[in-house]
Amino acid sequence: VGKTYAMLEAAQKARREGRDVVIGYVETHGRREPEILTEGLEVIARQPTVHRGVTLTEMDLDALLARRPQLVLVDELAHTNVPGARHPKRYQDVLELLESGIDVYTTLNVQHVESRTDVVREVTGTRVLETVPDTILGEAEIELVDLSPEDLLRRLAEGKVYVQERAAVASRNFFREGNLIALREMALRLAAEKVGQDVRDYMRTRHI
């Protein structure tokens, strides 16, 4: 629904405000609009790894820790790293960045939240294997990036989500309108629960 675009817009705003921002990993899927928004942002080169005869690239965690920016952009939080990486999951890379004092902007689809996977399977018929634990969300500030199913399907058809070939397959499978309506409701509920918890924490700390 435009999460990467929204993340890059926020990063450009942070850069204009004087923050030291770098790209650790951003996936544009060949789309022109988000690629334009990467201009002016330092990119930390990805680390190549050979797996089963194929060269894959992953975020270079050590290079980021050595560079020590104020803010790192890390797309696709639920991603599974290539075998042999220091951490099996990208969210664990993010946790190490946070523990070192580096802020992170990242993106996540609601179907990858661990507590929602059973409902996602019931609704869509698809078992989501890449997940992040709900505790990650508890520590995060969340910005909901939302679109109606109609707008999302139009973006898909225009090649603004995936390149055309992949978009056609997606619209026939996971990206059916009924699935999108259910996923949108799940995302809205998840965001509302997070805001509700933040309010309760605020009231508790002030003895309200």
Side-chain angles (χ1 to χ4, degrees), residues 1-49 56-82 84-110 112-114 130-147 160 187 190-191 193-202 205-206:
V1 298
K3 296 178 304 302
T4 300
Y5 190 92
M7 177 178 68
L8 287 166
E9 280 190 321
Q12 289 287 5
K13 180 175 183 291
R15 184 176 70 90
R16 289 193 299 270
E17 292 171 350
R19 298 195 73 190
D20 180 19
V21 185
V22 304
I23 293 176
Y25 189 101
V26 166
E27 185 56 74
T28 65
H29 296 289
R31 296 163 298 175
R32 180 62 179 155
E33 291 89 346
E35 286 177 356
I36 291 173
L37 280 176
T38 65
E39 294 176 4
L41 296 172
E42 179 183 346
V43 180
I44 301 300
R46 299 181 188 181
Q47 187 174 39
T49 303
L56 305 171
T57 58
E58 294 285 7
M59 183 174 73
D60 193 334
L61 180 58
D62 286 325
L64 288 166
L65 292 170
R67 170 64 174 74
R68 293 199 62 78
Q70 292 176 304
L71 174 63
V72 176
L73 309 187
V74 182
D75 218 352
E76 300 181 355
L77 183 64
H79 171 78
T80 299
N81 290 330
V82 67
R86 176 148 83 244
H87 301 298
K89 303 288 291 186
R90 183 169 289 161
Y91 77 80
Q92 295 169 315
D93 294 335
V94 166
L95 288 175
E96 186 167 342
L97 290 170
L98 294 171
E99 287 165 3
S100 71
I102 300 171
D103 288 340
V104 177
Y105 285 174
T106 188
T107 62
L108 178 69
N109 286 332
V110 69
H112 296 291
V113 178
E114 195 170 64
E130 292 188 317
T131 63
V132 299
D134 289 52
T135 52
I136 295 290
L137 300 182
E139 298 301 316
E141 294 180 14
I142 293 178
E143 179 174 327
L144 179 66
V145 184
D146 181 44
L147 275 180
K160 294 181 178 178
L190 188 72
E193 289 171 14
K194 179 66 168 65
V195 171
Q197 185 58 55
D198 290 345
V199 171
R200 289 190 291 276
D201 291 344
Y202 175 86
T205 57
R206 284 157 181 77

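Below, all heavy atoms of this structure are taken into account, side chains as well, without hydrogens, waters or symmetry copies.
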When rounded to the nearest 0.5 Å, the distance separating CD of Glu17 from NZ of Lys13 is 3.5 Å
Between CZ of Arg90 and CG of Asn81, what distance do you get to the nearest 0.5 Å?
-> 6.0 Å
Which heavy-atom pair separates Ala63 from Ile44 by the least distance, and what is that distance?
-> CB-CG2, 3.7 Å
Examine distances only and state if a side-chain atom of Glu58 and a backbone atom of Val82 form a donor-acceptor pair shorter than 3.5 Å.
-> yes
Report yes if the side chains of Leu64 and Ile102 come closer than 4.5 Å at any heavy-atom pair, otherwise no.
-> no
Do side-chain atoms of Gln12 reach the backbone of Leu37 as a donor and acceptor pair under 3.5 angstrom?
-> yes
Check for a donor-acceptor pair, side chain of Arg46 on one end and backbone N or O of Leu56 on the other, with a separation under 3.5 Å.
-> no
Could you give the distance from CD (Glu42) to CZ (Arg67), rounded to the nearest 0.5 Å?
-> 4.0 Å
Can you name the one residue among Asp62, Asp93, Asp60 that meets salt bridge (Lys or Arg N to Asp or Glu O under 4.0 Å) with Arg86?
-> Asp62
Give the minimum heavy-atom separation between Lys194 and Leu137, together with the two atoms involved.
-> CE-O, 2.9 Å
Step-by-step side-chain contact (heavy atoms from CB on, under 4.5 Å) determination, Lys3 to Asn109 | CA-CA 9 Å; Lys3 296 178 304 302; Asn109 286 332; 2.7 Å; yes
Any donor and acceptor pair, going by atom type alone, linking the side chain of Gln70 with main-chain N or O of Asp20 inside 3.5 Å?
-> yes
Validation row: Leu97, Val74 side chains within 4.5 angstrom (heavy atoms) | yes
For the student: nearest non-hydrogen atoms of Pro34 and Leu8, plus distance = O-CD1, 3.3 Å
Is a donor on one side and an acceptor on the other found under 3.5 Å between the side chain of Thr4 and the backbone of Thr28?
-> no
What closest approach, in Å, do Ala10 and Tyr105 show between heavy atoms, and which atom pair accounts for it?
-> CB-CE1, 3.8 Å
Reported OH-to-CG distance for the pair Tyr25 and Leu61, which is rounded to 0.5 angstrom | 14.5 Å
List the atom of Val22, the atom of Pro69, and the distance in Å for their closest heavy-atom pair.
-> CG2-CG, 3.5 Å
Can you tell if the side chain of Val145 reaches within under 4.5 Å of the side chain of Met7, non-hydrogen atoms only?
-> no
Can you name the one residue among Ile136, Val104, Val132 that meets side chain to side chain contact (heavy atoms under 4.5 Å, CB included) with Val94?
-> Val104
Which residues share a side-chain contact (heavy atoms from CB on, under 4.5 Å) with Val43, sequence neighbours left out | Ile23
Of all pairs that satisfy salt bridge (charged side-chain N to carboxylate O under 4.0 Å, His left out), the ones with a partner from residues 130-139, not counting sequence neighbours = Arg116-Asp134
What closest approach, in Å, do Leu71 and Ala14 show between heavy atoms, and which atom pair accounts for it?
-> CD2-CB, 4.0 Å
With distance as the sole criterion, is a donor-acceptor pair present between the side chains of His112 and Glu76 under 3.5 Å?
-> no
Side-chain contact, heavy-atom cut-off 4.5 Å: His87 with Leu95?
-> no
